[in-house]
Amino acid sequence: MNPRRFGRILLGYFFRGLLLVVPVAILVYVLYNSLTYLDGLIPIEIPGLGLLSLIVGLTVFGWLGSTFLYQPIADLGEEVLKRVPFLKTIHDALKDLMEALVGSKKKFDRPVLVRLMAGS
């Protein structure tokens with residue numbers, strides 16, 4: 001095998017590895033620091049109280065958003081996103097995905113069996 005080709009293959013694997021590992025590492029780092037920060041806000045020394053407060057906080061924001069805050073904020077956000085084309089594209093894709101999976105208009109409501117054929 002040509003050494004230059006072998007080097008390009010190894011470099012390709014290296015960059016694929018970076019693409020797989022870096023986002024996960026950043027997510028773990030951010031979550032760890034967020035939970036450590038939240039645990040530090042509450043002076044009680046109970047491990048995990050930050051996680052519990054995060055879950056409760058998100059639930060409260062979800063409730064507030066579902067009741068009376070959602071529509072004005074959503075309208076404002078849609079108006080801003082209409083003016084930034086790249087952000088609008090990303091927002092629309094994520095919105096469609098979330099609606100398809102967990103929204104009231106679920107589009108994936110039946111399981112599908114896919115048979116894979118071994119070798120060709």
Excluding V24, membership of its hydrophobic cluster (Ile, Leu, Val, Met, Phe, Trp, Tyr; side-chain heavy atoms within less than 4.5 Å) reads V28
The remaining residues in the hydrophobic cluster of L31, counting side-chain heavy-atom contacts under 4.5 Å among Ile, Leu, Val, Met, Phe, Trp and Tyr, are L27
May I have the list of side-chain donor-acceptor pairs in residues 3-22 shorter than 3.5 Å, sequence neighbours left out?
none

Those residues at least two apart in sequence (or on a different chain) that pass side chain to side chain donor-acceptor pair (under 3.5 Å) with N33 are Y29
